[in-house]
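Inspection log for the structure reproduced underneath, given as structure tokens.
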Number of protein chains: 2
Amino acid sequence: MATLPLCLKPNLPDRDIDLHSTPTLKDVAEAAGVATTTVARVINDKGYVAEDTRERVMKAVEATGYRVNSLARTLKSNRSNVIGHLLRSTDPNPFFVKVARGVEEYARGRSYTTLTYNMQGAAEAERRGIDTFLNWRVDALVFSTPVSEDNVAYAVKSGVPVVQVERPRSEAGHRITVKNYQGASRAMRHLLDLGHRSIAYIGEEPGSQGNAFADYVEEERFGAYRDAKKNHGAFDEALVRFTRPQSAEHIPGAGYGARAMSSILDAGTKVTAVLASSDMIAAGVLQAVHASGLRSPEDVSVIGFDDTLSPYLSPLLTTVRLPAQKLGETAAKLLIDQLEKPGSKANKLIELDAEFVVRDSTAPV
Amino acid sequence: MATLPLCLKPNLPDRDIDLHSTPTLKDVAEAAGVATTTVARVINDKGYVAEDTRERVMKAVEATGYRVNSLARTLKSNRSNVIGHLLRSTDPNPFFVKVARGVEEYARGRSYTTLTYNMQGAAEAERRGIDTFLNWRVDALVFSTPVSEDNVAYAVKSGVPVVQVERPRSEAGHRITVKNYQGASRAMRHLLDLGHRSIAYIGEEPGSQGNAFADYVEEERFGAYRDAKKNHGAFDEALVRFTRPQSAEHIPGAGYGARAMSSILDAGTKVTAVLASSDMIAAGVLQAVHASGLRSPEDVSVIGFDDTLSPYLSPLLTTVRLPAQKLGETAAKLLIDQLEKPGSKANKLIELDAEFVVRDSTAPV
DNA sequence: TTGTAGGCGTTATCAA
DNA sequence: TTGATAACGCCTACAA
């Protein structure tokens, strides 16, 4: 027997209870002594309704406890006013939580609802999420960020507007990215200005995603580091530590940062500053510094990336802030704009600035 | 003119595009040369279908790119297999993100979808979220955690199963809580065993929520502290710092913890250990310790609550772990159990154990 | 083993 | 200014 394609949701279990015996338009209409059409006109504030009729209908709405059935409405109108948000992961790295907040708040402002699906970095879960959303007829889809290029293509093919946020994996749909090179360059300039020359880099290995678009992020961050070091005649591989994520689900965390920093410290190489490619890694760097009895920033300056954990660390972490919330807002805006004026482009590319935030973890040599 | 009650979603904007011209059962039926009934039987794997007919239908499904319309299905069956999750906030405190993950994963395992609505601590947003979910005919509602007792009552009244997680505000629906007294007691025992007697407490002021149920959490945490200190003849108000959240949206954070700890340090009171009522507050305590040139745990032992930030701090924070994921899983389980066996109780109260996690921020005096 | 027909709650068209 | 009626896509008796 052939198996069901993913886009067919497993059948609903048989059940006998009727939970939602919510009154319908018809009930309200009867209570008000009018036709359902009239009630609909009142509720949607559309078309002509006599003032006293309106009052009567509103009373009936109250009396019956009527509530709209968005399912029926969407079935009929083909528009759900819902945006589906596919989140790569929310835990442990809270970055995408901030993106989600941006999407939600912007969408709400334009009377869209946002629904969120957490894929925990797994391509199959991502696929299930896309299918769930499409089965529910969401109007548009946000990937923050996509796991699989194929999945993005699959979503685009379905015809809904799509946007890839922060780390796109293809040219499909809209894309919103961050100027990572610029951000990392500013961080390096800051360290160089403070007199640092022995600056280490700890991050993901560029190219480890196996996708040219997605890899661009780490390439830019490391590239800015390397360029800055070269310009000061001091690029030294002994001060670089790369990790390679085991799988899409795995995000390099504090443990990795701590081990990498310890290995640099143990090697005895001179190091007065560290650029980490995420706040989580930077948190680990600070742990290693602390564990070795040193202090930041007195002994080692540390800079992170993202601005997620930075306000909670000791010392408060200087970091390259990714505009997470704005990323989300922009994604929602692009999508809703496209939905509301049909002719518009479906392939915009937007690059947002990173902001450099100086806190307490950097100081002169 | 009367205004629309909240439960009537604002009307959809007029639009002319038809985004989802997805094939329907009818299209598949035509392609396969059978009736829609037969296609439905194949898709739902229900009733008798000849093997070759099934094959033919499956081919037609593939060929047409058919996908189920969950809206129509739910409209008909009155069951959406969707759980609505109302999240108090996700940022900055990532605690509820973990709860959300628990709900999602458990629900998915029983083929329910979870939709999430972020209310950012605002009662009106919570109300909007409830209405949105009910308008979409979700099968059940999770509050993690509710902002307004009235809103919970409103949700329960609608007839959907409801659960309040971690900090209930009433006896309505199911409730899942954590044994905070037990958790805080273990933390105190740990500190006492290490020889600490000058132990400070920094947290929210018990009673500041203005709701007996919600206030119970902070009362238990502080109560365990006070009882332990009294049992060792050493309760001293000079070592206690309370904050009172300005509003429901506001969560005491690292800034508060840092200020409170500094004030204790500045006062010159002897303090060798601190129990903080959240990891975020504890993060601030560590910042103050670091800023004053002291070290943890050598000079001050620190214990947090939640196990959210603890793995990222320097030193790694000893903490009372709230079983966030399990809280979510249990919530989903309760709800789905109730949905699937109608007769069952709608008012269960479950108390989960807190787990005490010893890391690096505590040491003998 | 397969098909016909009616209805879920809403909106849109067309009359009245 | 209001009302009847026909879809939207699916499910499910009931019939064949």
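- Going from atom NZ of A/Lys26 over to atom P of C/dT10 covers 11 Å, rounded to whole Å.
- If you take CG of B/Asp52 and C1' of C/dT2, they are 12 Å apart, rounded to a whole angstrom.
- A cation-pi geometry, defined here as NZ or CZ lying under 6.0 Å from the six-membered ring centre and within 45° of its normal, does not hold between B/Arg88 and B/Phe96.
- Atom pair B/Lys46:NZ and C/dT2:C1' shows a separation of 17 Å (rounding to whole Å applied).
- B/Asp45 and B/Arg54 are joined by a salt bridge, as a carboxylate oxygen and a charged side-chain nitrogen come within less than 4.0 angstrom of each other.
- B/Asn78 has its CG atom 12 Å from the C1' atom of C/dG7, to the nearest Å.
- Looking at the side chain of A/Val34, the nearest of the listed nucleotides C/dT10, D/dG3, C/dG3 is D/dG3.
- Across the interface with DNA chain C, nearest-nucleotide mapping of B/Thr38 and A/Asn69 shows B/Thr38 to be the residue nearer the 5′ end.
- Counting to the nearest Å, the P atom of D/dC10 and the CZ atom of B/Arg67 are 12 Å from each other.
- Across all strands, A/Leu75 comes closer than 4.0 Å to base atoms (heavy-atom distances).
- At whole-Å resolution of the value, CG in A/Asn81 and P in C/dT10 are 17 Å apart.
- The interatomic distance linking A/Arg79 (CZ) with C/dT10 (P) rounds to 20 Å, in whole Å.
- A salt bridge is defined here as a Lys NZ or Arg NE, NH1 or NH2 lying under 4.0 Å from an Asp or Glu carboxylate O, and A/Glu329 with A/Lys333 fails to meet this definition.
- For the pair A/Tyr48 and D/dG3, the criterion of a side-chain N or O lying under 4.0 Å from OP1 or OP2 is not met.
- Each of D/dC11, C/dT11, C/dT2 was ranked by its minimum atom distance to the side chain of B/Thr53; first place goes to C/dT2.
- Look at B/Glu124 and B/Arg127 and you find no salt bridge, because none of the NZ, NE, NH1 or NH2 atoms lies under 4.0 Å from a carboxylate O.
- Using a cut-off of 4.0 Å between Lys/Arg side-chain N and Asp/Glu carboxylate O, B/Asp52 and B/Arg56 are scored as not salt-bridged.
- Positionally, the nearest nucleotide of DNA chain D for A/Val49 lies more toward the 5' end than for the other of B/Lys76 and A/Val49.
- Regarding A/Arg56, its CZ atom lies at a distance of 8 Å from the P atom of D/dG3, rounded to whole Å.
- No hydrogens or angles were tested; on distance alone, a donor-acceptor pair under 3.5 Å links the side chain of B/Arg41 to the base of C/dG3.
- Within 4.0 Å (heavy atoms only), B/Thr37 reaches at least one base atom of the nucleic acid.
- If you check C/dG9, D/dC10, C/dT4 against the side chain of A/Ala72, the one that comes closest is C/dG9.
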